[in-house]
Student: 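Input: one structure, supplied below.
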2 protein chains.
Amino acid sequence: MRLNRWPDLEALALLVTVSELGGVGRAARQLGISQPSASSRLRTLERRLGVPVLQRLPVGSRLTAEGQMVVDWAREVLGAADALMTGVTAMRRERGAALPVAASMTVAEYLVPGWLIALRPVEPDVTVGLQVVNSARVAELVLAGEAEIGFVEGPSLPVGLASRLVGRDRLVVVVSPGHPWARRRTPLRPRELAATPLIVREPGSGTRITFETVMERHGPLAEPLLELGSNSAVKVALASGAGPAVLSELAVADELADGRLLAVHPEGVDLQRKLRAVWIEGRRLDGPARSLLTLAARRPLGS
Amino acid sequence: MRLNRWPDLEALALLVTVSELGGVGRAARQLGISQPSASSRLRTLERRLGVPVLQRLPVGSRLTAEGQMVVDWAREVLGAADALMTGVTAMRRERGAALPVAASMTVAEYLVPGWLIALRPVEPDVTVGLQVVNSARVAELVLAGEAEIGFVEGPSLPVGLASRLVGRDRLVVVVSPGHPWARRRTPLRPRELAATPLIVREPGSGTRITFETVMERHGPLAEPLLELGSNSAVKVALASGAGPAVLSELAVADELADGRLLAVHPEGVDLQRKLRAVWIEGRRLDGPARSLLTLAARRPLGS
DNA sequence: ACGGATCCATAGAATGTTTCTATGAGGCTG
DNA sequence: CAGCCTCATAGAAACATTCTATGGATCCGT
């Protein structure tokens, strides 16, 4: 992944726009650049990718079959970049935002950007401020009025706050495909899980607290194999083959889907936790905060 | 998403490396650039993001809290970009690859890049060639020996091919949060689904064929509301509020997770389909093809 | 307390890419 | 056949990244 010569996001966005509008010049106009500039950028992109992606016609441009795939993959990349920029923009506005939000790390990392992207068409002029802190501090900030709405994970429900379920999340035990547990055929007993040194998030994180609370009754936990400060750092450690880790399902959805990581479900242990929106009890949320809550609380029927 | 000033992937990769190695100079060395160059790029990145991400210390550099979030989000972006580059590279090598692969579109788009990324450490020197075609053509290519292994979706199992299950995939009916169905409380009857004009993939696509096959027995299907040539084009149409669409679960996992799209499950209709690896019957796969198959066929215990 | 090592930032010049405006080539349409 | 659309090319200006060389700050060991 490091040795790669990365493509240029602006060129990818341009290609996506061309695919939507059907022409290089039209896309250039939409993005506010000149047509020759767009033309040259696309050529550079094609050279970088090593595959022709556009079929230039006198009446416009169509994608090649490869181009179609590139556009679809590019939308994923741009979506992730959009989430990054949305998240960063919200964090930058900690103070003086029209809608100050506080969220615990897992929610902030995996859900808040999506919500804010969905909020944009509904409340286009609202600047959202985001503070990422642990669940206890989220409660403090909301109670102190420094955040109008907060999002917490884990079992504890602070007093003085009203709450609403916005999702569920399950902690999963994951291993890389090379790990012995990937091939095990006997179920994993909670006892054995508790006794195994694991890669875990740092103490104080919602993930760690939830895990320790749930495992409490299955005997003393072994010392962690490794303690890391972010979900993705744990994933990096996993990639190099190191032993089992405990992570939020949200953090490993992609890797589980294509088999880069495997989940090992311990028998009879419920690692599910609730993700909740919280606000000051008795206060009626309205305006943007209400829109955000509505949006976040929407779940597919039957889930 | 269009008006964004996109960040620079190489700068993000640099930041991620700094977070892993704990120093600007060390990261520069690893990436093969000079230390001042790295320093200046990180400064530009910080300016672009508008948030300080690095705490410069005399002994190295640590991330700020915001920086930690940025790194985690950046890893998602880089992962998606890696998938894009991996996919494109494989497509470029259609001919003359050591391991020629053919895959139907949904598998190629959402699963193959992940498999190839996972294959890299196992078979570092193997060049993979990827042809993206419909399921029928995958069978032809495999039988003709132009692909050593193929991946197909959908119910039909061509003769002369051995197969192995590599995953399951469910088609889902999805709507944007603004659609009336997002608020419906009565279950969706197959009858009503069949009678509703939908946004669907083009005729001949695996997704379309599977859907039509399954719905056949629930009455005649209404004319499509819109026919689009890729999963992401369907998603774009959905985002602007247009009515229900049928897509692979794989294509909308992220959007379902954070509520940007909602699934409406029709009552008593099984839209699950099998994803299979196929190869010439009687032939024993070995070498890289075997590694790829093993990798793709790995599933978490109990799924 | 002081030299050496390590770390990051700055200065200034060279290189490469992107940007623009102006213009050309090709094909459709009235 | 003229006008209009498409995209590509040419050449100049602006910008960013790159390098080498150097400086300032802190830590460590003597």
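In the text below, chain A, chain B and the rest are named by the order of the sequence lines, each starting its count at 1.
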Student: Only one of A:V71, A:L31, A:L42, A:L63 forms a side-chain contact (heavy atoms from CB on, under 4.5 Å) with A:V18, so which one is it?
Tutor: A:L42
Student: How long is the span from the OG atom in A:S205 to the CD atom in A:E153, to the nearest 0.5 Å?
Tutor: 8.0 Å
Student: For every nucleotide of nucleotides 13-23 of chain D, 5' to 3': is a protein heavy atom under 4.0 Å from its base (B), only from its sugar-phosphate (S), or from neither (-)?
Tutor: ----SBBBB--
Student: Is there a donor-acceptor pair closer than 3.5 Å between any side-chain N or O of B:W73 and the backbone N or O of A:E109?
Tutor: yes
Student: If you count heavy atoms of other groups shown closer than 6.0 angstrom to CZ of B:R62, is the number above 12?
Tutor: no
Student: Under 4.0 Å between a side-chain N/O of B:S61 and OP1 or OP2 of C:dC8, yes or no?
Tutor: yes
Student: Judged by modelled atom types alone, do A:S230 and B:D72 share a side-chain donor-acceptor pair under 3.5 Å?
Tutor: yes
Student: Grab the CD-P distance between B:Q55 and C:dC8 for me, whole Å please.
Tutor: 13 Å
Student: What is the distance, to the nearest angstrom, from the CG atom on B:L14 to the C1' atom on C:dC8?
Tutor: 13 Å
Student: Atom CG of B:L21 to atom C1' of C:dT6: distance rounded to whole Å?
Tutor: 15 Å
Student: Would you kindly give the CH2-to-P distance between B:W6 and C:dT18, to the nearest whole Å?
Tutor: 18 Å
Student: Please report, rounded to the nearest Å, how far the C1' atom of D:dT6 is from the CG atom of A:L42.
Tutor: 14 Å
Student: For D:dT9, does OP1 or OP2 lie under 4.0 Å from any side-chain N or O of A:R43?
Tutor: yes
Student: Just by modelled atom types, is the B:D82 backbone N or O under 3.5 Å from a matching donor or acceptor in the B:T86 side chain?
Tutor: yes
